[in-house]
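Below: one structure, written as structure tokens.
Values below: all heavy atoms of this structure, side chains included; hydrogens, waters and symmetry mates excluded. Indexing begins at 1, ligand by ligand and atom by atom, following the structure's order. One is the number of the first residue; the rest follow in order along the sequence.
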Amino acid sequence: MSKHPILVAGAGGFIGGELVKTLLAQGCSVRAVDKKPQWQWYQRFEQAENLTFNLEEKDSCIEAVNGCDVVYNLAADMGGMGFIELNKGLCMLSVLINTHLLLASRQCGARRYFYASSACVYASHKQKETNNPGLKEEDAYPADPEDGYGWEKLFSERMCRHFREDFGLETRIARFHNVYGPYGTFDGGREKAPAAICRKVIQAKKSGANEIEIWGDGQQTRSFMFIDDCIKGILLLMDSDVVEPINLGSSEMVTINQLVDIVEEIAGVKLERRYNLNAPKGVRGRSSDNTLIRQRLGWEPSVPLREGIAQTYAWIEAQMSLSNSNERVVNRF
Ligand code: NAD
């Protein structure tokens, strides 16, 4: 095991926090960095070196990377469709984080670098039907990604590739497809569909209101990956020789209506559905083709949606009963 700390950028967020937890459990030394004040981190661990830096700035990146030989970049200004459709400029500014982290990694002699990309890099015209056959890695080109957020991800992927080819930094790139689970964002405008639907069903159940608002007509399709699968995939990829961007997502595709069915069944309620056709909807159909990850890593995400949503629902329900007293629960060890 390396004596150097491992840098997790974006450690105060959903995926970064889970990664820190897993690396610490494996006995690694971890430097956790985020721009949010530490009381706002979703999970914060005393065994890690916890630092608050704005990683859009190059000097902060050098301080963060200095002494680390492995860097995980999970820092970005992002959220669900409601956020990325309305904040394209902010999403694109995350290019500064990746650019400065790559430069700092090169300058400080880091060996390996992980970049969290997204299914939003895939060409829009491949996602116009609900019966999406699963996006293959080559479907990212010719480029026609999600405006703003997707262009930033595609450009940053490309920059990772050229830092590997030109400067010998071993970069690894995963294209995450919709990650969900406990400790994810579930309110405030940046939440994604699974957490938003859990929250709305819990609110409807508590208030006795018999209805739920759904964005779009509910027929749009997606696949959702449970956080445990995401962390396992990141670590497998970082240990591998897979240098090209690779899908990290579930291939269990559902309509948004089917997702609502699952949440209602867990909650033990049946609600009237009000479809808001003017809300941000994203692409019509999206799922992950896992041929490449099966071939290259001998593994693919496998936690069934029903099982992952049950855990997520229980966690959000617990948070919401506490948030009545204005407390946000943070995992601190
Ligand atoms: P998150 O918003 O929970 O975490 C991101 C963290 O980055 C936040 O804590 C934020 O404060 C931090 N951050 C933002 N700007 C920063 C800056 N300038 N300096 C330092 N920290 C900064 O998001 P997440 O769900 O954990 O996503 C992690 C990564 O995975 C992101 O790159 C995201 O684009 C990517 N991704 C996530 C999903 C998903 O479904 N969650 C899907 C595709 C890609």
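- Note that CG of Leu24 is 11.0 Å distant from CD of Glu46, once rounded to the nearest 0.5 Å.
- In this structure, CG in Leu101 is found 11.0 Å from CD in Glu56, a value given to the nearest 0.5 Å.
- Within the structure, ligand 1 lacks Gly79 among the residues with a heavy atom less than 4.0 angstrom away.
- In this structure, the ring of Phe226 has its center less than 6.0 angstrom from the ring center of Tyr180.
- Considering Arg175, Lys35, Glu18 only, the shortest heavy-atom separation from atom 21 (N) of ligand 1 involves Lys35.
- Near Ser117, with a cut-off below 4.0 Å to any heavy atom, the atoms of ligand 1 are 43 (C), 44 (C).
- Using a 4.0 Å cut-off between charged side-chain N and carboxylate O, Lys200 and Glu191 make no salt bridge.
- Backbone and side-chain nitrogen or oxygen atoms of Lys36 are examined, and one is located within less than 3.5 angstrom of a nitrogen or oxygen of ligand 1.
- Near Phe176, with a cut-off below 4.0 Å to any heavy atom, the atoms of ligand 1 are 30 (O), 35 (C), 36 (N), 37 (C), 42 (C), 43 (C), 44 (C).
- The cationic group of Lys192 does not satisfy the cation-pi geometry with Phe14, failing either the under 6.0 Å distance to the six-membered ring centre or the 45° limit from the ring axis.
- In the vicinity of Asn178, heavy-atom distances shorter than 4.0 Å reach the ligand 1 atoms 40 (O).
- Remark: ligand 1 and Gly13 share an N or O pair separated by less than 3.5 Å (distance only, no angle test).
- Cation-pi contact between Arg106 and Phe167: present, with separation from the ring centre below 6.0 Å and deviation from the ring axis of at most 45°.
- Residue Thr185 has no N or O atom closer than 3.5 Å to an N or O atom of ligand 1.
- Comparing heavy-atom distances from atom 28 (C) of ligand 1 across Leu19, Leu74, Thr52, Leu55 singles out Leu74 as nearest.
- Considering Asn247, Asp144, Asn132 in turn, Asn247 is the only one that fulfils the side-chain hydrogen bond (donor to acceptor under 3.5 Å, both in side chains) rule with Tyr122.
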Check: What do the steps show when you test Arg306 against Asp261 for salt bridge (Lys or Arg N to Asp or Glu O under 4.0 Å), and what is the final call?
Finding: CA-CA 10 Å; Arg306 169 72 178 72; Asp261 291 342; over 6 Å; no
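- Between Asp34 and ligand 1, at least one pair of N/O atoms sits closer than 3.5 Å.
- Looking at ligand 1, you won't find any N or O of Val33 less than 3.5 Å from one of its N or O atoms.
- In summary, the atoms of ligand 1 found under 4.0 Å from a heavy atom of Glu56, numbered by their order in the structure, are 18 (N).
- Arg296 has a carboxylate O that lies under 4.0 Å from a charged side-chain N of Asp241, or vice versa, which qualifies the two as a salt bridge.
- Here the shortest heavy-atom distance to atom 32 (O) of ligand 1, taken over Glu191, Met78, Lys153, belongs to Lys153.
- Relative orientation of the Phe114 and Tyr72 rings is tilted, given thresholds of 30° and 60° on the angle between their planes.
- Checking Ile84, Ile15, Leu248 against atom 24 (P) of ligand 1, the nearest heavy atom belongs to Ile15.
- Taking any N or O of Asn73, backbone or side chain, none lies under 3.5 Å from an N or O belonging to ligand 1.
- Atoms of ligand 1 lying under 4.0 Å from any heavy atom of Gly10, numbered from 1 in the order shown and given with element: 6 (C), 7 (O).
- For Val179, a nitrogen or oxygen atom sits less than 3.5 Å from a nitrogen or oxygen atom of ligand 1, counting backbone and side chain alike.
- For atom 7 (O) of ligand 1, the choice among Ser156, Ala11, Ala75 with the nearest heavy atom turns out to be Ala75.
- Annotation: cation-pi geometry not satisfied between Arg199 and Phe186 (NZ/CZ under 6.0 angstrom from ring centroid, within 45° of ring axis).
- Heavy-atom contacts of Gly12 reach the following atoms of ligand 1: 9 (O) (cutoff under 4.0 Å).
- Heavy-atom proximity to atom 33 (C) of ligand 1, evaluated over Tyr180, Tyr149, Trp41, Tyr183, is greatest for Tyr149.
- At under 3.5 Å, a nitrogen or oxygen of Phe14, whether backbone or side chain, sits near a nitrogen or oxygen of ligand 1.
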